[in-house]
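Okay, structure first, notes after.
Every chain is numbered from 1 and lettered A, B, ... according to where its sequence line falls, protein lines coming before strand lines. Atom set for the values below is all heavy atoms of this structure, side chains included, hydrogens, waters and symmetry mates excluded.
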Amino acid sequence: MLRIKKLIVHYGPFMALNKISLEVNVGEVVTLVGPNKAGKTTLLLTLSGIVETTEGRVLFQDADITNLDPYKIVARGLGHVPQGRHIFPTISVFDNLMVGAYIRRKAKGEIEEDLTRIYELFPVLKKRGKQRAGTLSGGEQQMLAIGRALMGRPNLLMLDEPSSGLAPRYIDEIFAAFQELNRRGLTIFIVEQEIQRSLAISHRGYVLRNGRLIKKGPAPALVESREVQELCLG
Amino acid sequence: MNPWIHIPQLLAAGITMGAIYALVALGFVIIVRASQILNFAQGEFVMLGGVVTFFFITGAGLPYPLAALAAVLAVIVIGFLLHLLVVYPLRKASVLILIMATVGASIVISNTSALLFGTLPKALPPFSGDLPLELGGIRIVPQNLWVLGATFLLFFVLYFLSHRTLVGKAMEASSTDPLGADLSGIARNFMVFLAFGVSAGVGAIAGVLVTPIFYTSYNAGTLLGLKGFIAAVVGGWGKNSGAVLGGFVLGVVESTSIAFIPAGYKDAVAFVVLLLILYFRPKGILGSPYIDSRRW
Ligand SMILES: Nc1ncnc2c1ncn2[C@@H]1O[C@H](COP(=O)(O)OP(=O)(O)OP(=O)(O)O)[C@@H](O)[C@H]1O
Ligand SMILES: [Mg+2]
């Protein structure tokens, strides 16, 4: 579904990603782990068209999406919940969700359906619908960020450290949501510091360090690997 | 002589001028809500509204209402062009550079207007005669009522567009969190393009409304733009309601000050008001969602 071929990304002279090749197949949950500053966020931002590619290609559902405008990439079904959530603090929770559905604003019926499903997944978003999103707690904001991305009806959802800074009960809730979403057919690509947790719900995983992929494999094998063990110890 | 006896009359004039400041301030707010860009060419839209209407009447022989409509449409096109030729090519630059570019554009627009339409001040006839109405001892020309009525109408239309429509919310989202907006599939550049058109339209309407009262000329835009900006800051940066309130406060304070200080200092009053507000209440009278949300 997603095929990244020899991707190179620079920030000025600094090479943040060095020949990254990676795949996510339909129906999978794939986790990407790595120490701070490894380039994980850069990779996701590049896939979404926010950061420009120097070399290499990104194929999504067999189409080349390298360096397309971000809104066109979203419209093709690649959703992205960014690190730091980036919800819209000044408008209501409900309006955040509606803005998430902006690309398919004409499909009123679908939007109703999706809202219902998202409220099932995260009931708090319904309860707090009229509140300004900036007044939500961190965990609630993360749920909103996920809900907003789902409103775009992605085929593949990328999440950048969704558990970061959250209380344990919220972490349980969002990981349960990922499993449920995957069971319903959503392909998921997660960047996480909660390595064990994320690999436990994943089919496969990759380890990124200093802009290079240093390890990949099925999730159970990866958990046992030296590279991941080292990361977990910090 | 007792300065207070002039107050009612000055108040009436101040309210009218305040309405114009409010419209200019609303123009700033429309663009800021979509992009965080301060468009210092906003005053030029107002100048152009008056000057181009004048040209369509005297140069092209159009009847007044048609000339005004054509001028507003022409200025909307200029707003779109300002985005396409100046703002869009600089979209990757910092906001500060964009703001400087709008200052440059403002100079180009005003000089082009001088070249095309001349430097003489231009007046338009009032919409419905100039027989003053007597209201409780105050003489009010009917044009003042047109200005007030149109300002409130525009305020409600803009309020509806920005707070009750999905496009309005998407615009706000684009400025409060550009990355979040990109990842929500909003074509942010198009939002800014739209905002420039709407903002130019509002400015042009203000120009058509005010020119029968105060005249206009190619260089009138700069000061109007600054005053409108001050009004927007005084009322509460980024808020439609703040823009309107700030406009009226500024118009009234400025106008009534003439009773107490020489009229030549009138323009300085606006800047004094700005300094006082920035010193004592930087969020503006009604508070600002932007200044609030920036804190974390
Ligand atoms: N906008 C930028 N300009 C210049 N350098 C950047 C920029 N963003 C990131 N970098 C650098 O690129 C490298 C990778 O950063 P990135 O944020 O992708 O890492 P990360 O793996 O997501 O880290 P974290 O775990 O802290 O989120 C870092 O060295 C960082 O300093
Ligand atoms: Mg990161």
Which residues in residues 133-161 of chain A have any heavy atom lying under 4.5 Å from a heavy atom of chain B?
-> A/Arg148
Pairwise distance NZ(A/Lys126) to CG(A/Leu97) - rounded to 0.5 angstrom | 12.5 Å
Shortest non-hydrogen contact between A/Val33 and A/Glu192, atoms and distance = CG1-O, 3.7 Å
Which one, A/Ile103, A/Asn96, A/Ile50, leads in non-hydrogen pairs under 4.5 Å with chain B?
-> A/Ile50
Who wins among A/Pro82, A/Gly79, A/Ser48 for the most heavy-atom pairs under 4.5 Å with chain B?
-> A/Pro82
Top contributor to chain A contacts, counting heavy-atom pairs under 4.5 Å, from B/His163, B/Arg188, B/Lys169 | B/Lys169
With distance as the sole criterion, is a donor-acceptor pair present between the side chains of B/Ser199 and B/Gln42 under 3.5 Å?
-> yes
Scan A/Leu7, A/Ile8, A/Val9 and name whichever one has a side-chain contact (heavy atoms from CB on, under 4.5 Å) with A/Glu55.
-> A/Ile8
Smallest heavy-atom separation, A/Val24 atom then A/Leu22 atom, equals CG2-CD2, 4.1 Å
Would one find more than 12 heavy atoms of other residues, nucleotides or ligands at under 6.0 Å from atom CZ of A/Arg184?
-> yes
Going from CD on A/Glu180 to CD1 on A/Ile201, what distance comes out if it is rounded to the nearest 0.5 angstrom?
-> 12.0 Å
Would a distance-only check, ignoring hydrogens and angles, find a side-chain to backbone donor-acceptor pair under 3.5 Å from B/Ser106 to B/Thr102?
-> no
Correct closest heavy-atom pair for B/Ala270 and B/Ile230 would be O-CG2, 3.6 Å
Criterion side chain to side chain contact (heavy atoms under 4.5 Å, CB included) on B/Phe160 and B/Thr165, from CA distance to verdict | CA-CA 7 Å; B/Phe160 179 83; B/Thr165 67; 3.9 Å; yes
Please name the residue in the list B/Leu250, B/Ile285, B/Leu278, B/Val273 that meets the side-chain contact (heavy atoms from CB on, under 4.5 Å) test with B/Val233.
-> B/Leu278
Nearest heavy-atom pair of B/Val46 and B/Leu224: which atoms, and what distance?
-> CG1-CD1, 3.6 Å
Write out, in numerical order, the residues from residues 108-122 of chain A with a heavy atom short of 4.5 Å from a heavy atom in chain B.
-> none
For each of B/Pro178, B/Ala170, B/Ala187, tally heavy-atom pairs with chain A at distances under 4.5 Å, and name the one with the top tally.
-> B/Ala187
Measuring heavy-atom distances to chain B, does A/Leu45 have an atom under 4.5 Å in its side chain, in its backbone, in both, or in neither?
-> side chain
